[in-house]
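Sequence lines set the chain letters: A, B, ... in the order given, protein chains first and strands last, and positions in each chain run from 1. Note that the coordinates shown come from a computational prediction; the quantities given were computed from them, not determined experimentally.
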Amino acid sequence: MRWSKTFIPTMKETPADAEIPSHQLMLRAGLIRQVMSGSYTYLPLGWRAIRKAEAIVREEMERAGAVELFMPALQPIDLFERTGRREAFGDVLINFMVPRGDRQVHMALGPTHEEVITDLVAHHISSYRQMPITMFQIQTKFRNEERPRFGVLRTSEFIMKDAYSFDASLEQLDDSYQKMYGAYCRIFARTGLEYLPVEAESGAIGGDASHEFMIPAENGEDRIVRCPKCNYAANLERADTGRRCPLTDPRVGEGADNDSTHDSAATVEWDELEQIDTPNATSIEQVCKMLKCKPEEMIKTLIYLADGKPVAVLIRGDREANEGKIRRTLEADALELADEKTIFDVTGAPVGFAGPVGIDCRILADHDIPLLVNPISGANAADAHNTGVNIGRDYQVEATYDLRNAVAEDPCPNCAGTLEMVHGIEAGHVFKLGTKYSESLNAYFVDEKEKRHPVIMGCYGIGINRIVAAACETSHDENGLIWPLAIAPYEVLVVPLKIDDEEVMQIATRFYEELQAAGVDVLFDDRKARPGVKFKDGDLVGIPLRVVIGGRGLKEGNVEIKWRTAEGPDKIPVEEGVATLLRMLEERRAADAENVPN
RNA sequence: CGGGACGUAGCGCAGUCUGGUAGCGCACUUGACUGGGGGUCAAGAGGUCGCAGGUUCAAAUCCUGUCGUCCCGACCA
């Protein structure tokens with residue numbers, strides 16, 4: 001492609017609305033333009049990158065045995081009502097009425113396609129002999145994001161690959177899942193991105209049924225913990241910690257309290273339990289300010305309703321409660337924060353003054369709690385807190401549990417290592433769905449004994465936009481983007497420095513044409529512009545390999561070849577130029593392929 | 001949905017407090033010079049100051065409302 005014939009609106013300055021590197025650079029390099037909050041136009045360069053990523057995904061899906069189909073964005077609301085997801089999605093589901101003759105048709109823009117495909121399967125798969133089968137689609141999906149942000153990373157309209165597996169047994173499902181998991185590893189490896197498969201919260205299905213594929217990035221919305229020693233990695237919602245109950249563990253304090261602010265409980269004097277006035281201080285922050293203490297010296301007492309029954313959950317003041325862990329510990333189906341009335345009934349105080357001492361409900365304490373010495377908690381009385389609240393004396397618990405989000409420095413649940421926390425961009429998710437959709441949409445099959453069962457499903461998504469955005473987010477320098485070869489919009493940039501010099505132009509055109517003929521994606525900067533402008537733009541858009549043809553080099557019979565990431569160019573005789581470029585590309589591709597698992 | 005910030009030329013911004021002819025840099029057009037890391041000079045074009053209403057002799061500027069965008073939080077198969 002000739003630069004002068006395509007549309008690459010680069011920008012010297014950073015638009016004020018863009019905050020994170022990927023957003024700024026995608027705008028500056030002319031990849032995207034915003035249309036409104038949460039929706040973007042992909043310009044020619046950005047779209048090429050999307051299509052490259054898409055092609056890799058498609059190839060790997062097919063390699064894993066999945067077959068492609070295409071489903072409509074417009075879907076009848078009825079399908080979502082049957083699966084209960086109209087309510088579950090709430091406002092996220094974009095839906096509207098459309099007049100058709102004298103009636104109104106209620107439809108939704110597909111936020112994903114489980115309903116449509118399950119309905120399809122319900123009609124056409126009726127025997128175990130028709131399975132296993134995995135089908136996939138690469139399409140635009142719509143979700144009314146409450147708050148679109150980070151440029152193209154969180155938008156209301158996005159391109160997604162979704163695959164759905166249909167199996168007749170759990171063993172088949174495991175196999176389908178593993179094939180997809182393997183395909184995902186190959187996909188992310190091929191895109192040239194660093195990636196991390198992590199255990200993810202799988203909701204009501206439980207077990208090891210869900211993995212997210214994360215691209216580690218400082219600005220990622222998700223938090224992940226991982227252990228550098230073993231391969232343990234998990235989404236923060238899911239991550240276990242290797243902490244033990246200090247009440248039952250003979251090694252009290254050991255390994256469980258990495259935060260050397262406190263000594264082991266056994267060696268420290270307990271203060272008297274005392275009640276002090278804290279008017280209007282209902283939050284940890286306010287109490288700390290008033291009493292000049294730190295959040296880690298406090299007990300946060302959260303009152304939950306677990307299947308309708310109140311429970312007090314004790315968490316160290318500076319930590320975050322993990323509702324999934326609490327729910328599983330209680331073996332409850334539903335867990336929600338209690339309402340004001342329940343809190344008053346249980347504590348005898350308004351919201352904000354709950355504490356363990358004298359509370360009238362079950363108490364569930366996190367492992368951190370017994371390690372606190374003389375902590376502060378609510379006093380179960382309006383405008384008052386207790387100091388010197390010590391477990392075993394002032395209140396009792398039979399055991400402690402892992403109830404909070406993991407945090408850097410927590411012990412690894414798998415080995416003797418220590419967890420570290422990284423941020424990541426969720427680019428893919430593999431998920432064992434089970435029979436939720438097949439049951440509600442009546443997708444049943446008969447087995448060899450003529451018994452009817454719901455089809456067992458799995459679903460497997462990849463955000464195509466996010467692959468591209470994550471590449472931009474994680475691969476750039478002060479001059480601009482640095483594309484991995486595999487998803488770069490163009491592989492080679494041919495730069496004639498002076499387009500009205502006949503010799504320069506003739507050689508450059510020859511490079512362009514010969515590279516194209518060899519199947520290389522090449523961008524030809526034929527613009528009448530000063531060399532500085534071409535160099536700056538070239539670096540900004542980040543094409544991996546650049547060849548410069550200019551009067552200075554030609555005088556010595558050379559062209560200059562440089563990887564985007566290289567310090568300076570290599571001078572190569574004109575006649576060997578094209579062959580050298582082809583060889584360099586080949587070597588790079590081979591090296592990249594080394595990293596792709598089988 | 002709660003909190004905060006901002007809407008002035010394609011982009012980045014000044015002007016708003018203290019009302020009085022709408023500005024600067026980059027980009028754009030034309031010409032000359034220049035020609036290996038975003039050039040120089042000259043001449044130009046481009047703006048309902050987000051929108052609506054109000055106050056005033058007079059509103060980008062003050063008041064009210066509204067729309068939009070961004071950030072933090074809540075939410076997120």
Side-chain angles (χ1 to χ4, degrees), chain A residues 9-20 23-24 27-28 30 33-40 80 83-93 110-115 141-151 153-156 158 160 162 164 200-205 209-210 212 219 221-222 235 237 285 320 323 337 426 428-434 436-437 457-463 478-480 495-501 504 525 527-540 546 548-556 558-560 562 568-569 571:
Chain A
T10 58
M11 287 192 277
K12 200 186 285 191
E13 285 178 284
T14 305
D17 281 347
E19 197 96 339
I20 63 170
H23 191 196
Q24 295 177 343
L27 252 9
R28 288 225 292 137
R33 261 326 82 111
Q34 185 178 56
V35 177
M36 63 174 178
S37 178
S39 57
Y40 287 82
F80 292 94
T83 57
R85 290 172 99 201
R86 186 180 173 192
E87 225 204 341
F89 271 117
D91 290 338
V92 173
L93 184 68
T112 170
H113 286 73
E114 276 87 357
E115 278 82 0
K141 312 228 169 182
F142 300 86
R143 283 179 208 178
N144 183 31
E145 283 295 341
E146 311 251 328
R147 191 185 153 204
R149 65 182 129 174
F150 297 145
L153 275 177
R154 176 164 290 266
T155 54
S156 302
F158 50 94
M160 190 148 164
D162 251 331
Y164 306 95
E201 188 55 68
S202 45
I205 299 166
S210 175
E212 286 170 348
N219 285 304
E221 287 189 277
D222 293 274
N235 189 310
E237 274 83 61
E285 197 185 330
E320 298 167 9
E323 295 194 0
L337 275 169
E426 181 189 348
H429 197 165
V430 292
F431 200 90
K432 289 185 187 173
L433 271 181
K436 174 179 176 206
Y437 296 96
M457 293 175 57
C459 78
Y460 317 89
I462 287 184
E478 66 279 9
N479 295 315
V495 187
L497 283 188
K498 198 174 175 191
I499 66 163
D500 36 22
D501 179 316
V504 166
D525 192 351
R527 292 175 301 170
K528 179 172 170 55
R530 300 174 62 85
V533 172
K534 293 189 174 192
F535 288 136
K536 286 289 183 190
D537 268 350
D539 286 349
L540 216 207
R546 185 187 78 186
V548 171
I549 295 114
R552 192 182 288 176
L554 249 36
K555 245 179 232 159
E556 304 159 13
N558 291 329
V559 297
E560 294 150 42
K562 175 183 169 309
K571 294 181 177 174

Who are the salt bridge (Lys or Arg N to Asp or Glu O under 4.0 Å) partners of A/D500, not counting sequence neighbours? A/K528
Counterpart residues, side chain to side chain donor-acceptor pair (under 3.5 Å), relative to A/Q24 (two or more places apart): none
Nearest-Å distance once atom P is located in both B/rU66 and B/rC1: 13 Å
By ring-ring contact (aromatic ring centres under 6.0 Å, His included), which residues pair with A/H23, not counting sequence neighbours? A/Y40
Going by heavy atoms in the side chains, are A/Q34 and A/L27 under 4.5 Å from each other? no
Quantified in whole Å, what is the C1' atom distance between nucleotide B/rG35 and nucleotide B/rC17? 49 Å
With sugar-phosphate taken as primed atoms, P, OP1 and OP2 and all else as base, the protein-contact string of nucleotides 70-77 of chain B at under 4.0 Å (heavy atoms; B, S, -) is SBBBBBBB
Name the pairing partner of B/rU69, where a pair is Watson-Crick or G-U wobble with both distances under 3.5 Å, or state none. B/rA5
If I pick the P atom on B/rU16 and the same atom on B/rG50, what distance separates them, to the nearest angstrom? 15 Å
Those residues that, when tested against A/R530, pass salt bridge (Lys or Arg N to Asp or Glu O under 4.0 Å) (two or more places apart): none
Salt bridge (Lys or Arg N to Asp or Glu O under 4.0 Å) involving A/R85 - partner list, sequence neighbours excluded: A/E114, A/E115
So which nucleotide does B/rA74 pair with, by the Watson-Crick or G-U wobble rule with both distances under 3.5 Å? none
Distance between the P atoms of B/rG7 and B/rC62, in whole angstroms? 11 Å
A/R28 has an atom CZ; how far is it from atom P of B/rG12, in whole Å? 12 Å
Looking at A/K534 and A/D525, would you say the former's side chain and the latter's main chain have a donor-acceptor pair under 3.5 Å? yes
5'-most contact on RNA chain B: A/P15 or A/D539, nearest heavy atom basis? A/P15
B/rA77 versus B/rU69 - spacing of their P atoms, nearest Å: 24 Å
Is it the case that the base of B/rG37 and the side chain of A/R546 share a donor-acceptor contact (distance under 3.5 Å, atom types as modelled)? yes
Determine which nucleotide pairs with B/rC28, using a 3.5 Å limit on both distances of a Watson-Crick or G-U wobble pair. B/rG44
When the P atoms of B/rC6 and B/rG12 are compared, how many Å lie between them, rounded to an integer? 16 Å
Who is the Watson-Crick or G-U wobble partner of B/rU64, with both distances under 3.5 Å? B/rA52
Can you tell me the pairing partner of B/rG38 across any strand shown, Watson-Crick or G-U wobble, with both distances under 3.5 angstrom? none
Expected list for residues 12-19 of chain A: side-chain donor-acceptor pairs under 3.5 angstrom, two or more places apart:
none

Please measure how far the C1' atom in B/rU61 lies from the corresponding atom in B/rU8, and state the result in whole Å. 11 Å
Applying side chain to side chain donor-acceptor pair (under 3.5 Å), name anything that partners A/T10, two or more places apart in sequence or on another chain. A/D537
Side-chain (A/R143) to main-chain (A/P111) donor-acceptor, under 3.5 angstrom: yes
For A/R86, which contact category applies under a 4.0 Å heavy-atom criterion: base, sugar-phosphate, or nothing? nothing
So A/K436 and A/M457, do their side chains get closer than 4.5 Å, heavy atoms only? no
A/G553 near the nucleic acid: base, sugar-phosphate alone, or nothing, with a heavy-atom cut-off under 4.0 Å? base
To the nearest Å, give me how far apart CE (A/M11) and C1' (B/rC13) are. 15 Å
In whole angstrom, give me the gap between the C1' atoms of B/rC51 and B/rU40. 43 Å
Counting only Watson-Crick pairs (N1-N3 plus N6-O4 or O6-N4) and G-U wobbles (N1-O2, O6-N3), all under 3.5 Å, who is the partner of B/rC57? B/rG20
Summarise how protein sits on nucleotides 25-35 of chain B as a single string, 5' to 3': B when a protein heavy atom is under 4.0 Å from the base, S for sugar-phosphate-only contact, - for no contact. BS-------BB
Whole-Å distance, A/D525 CG to B/rG37 C1', equals 13 Å
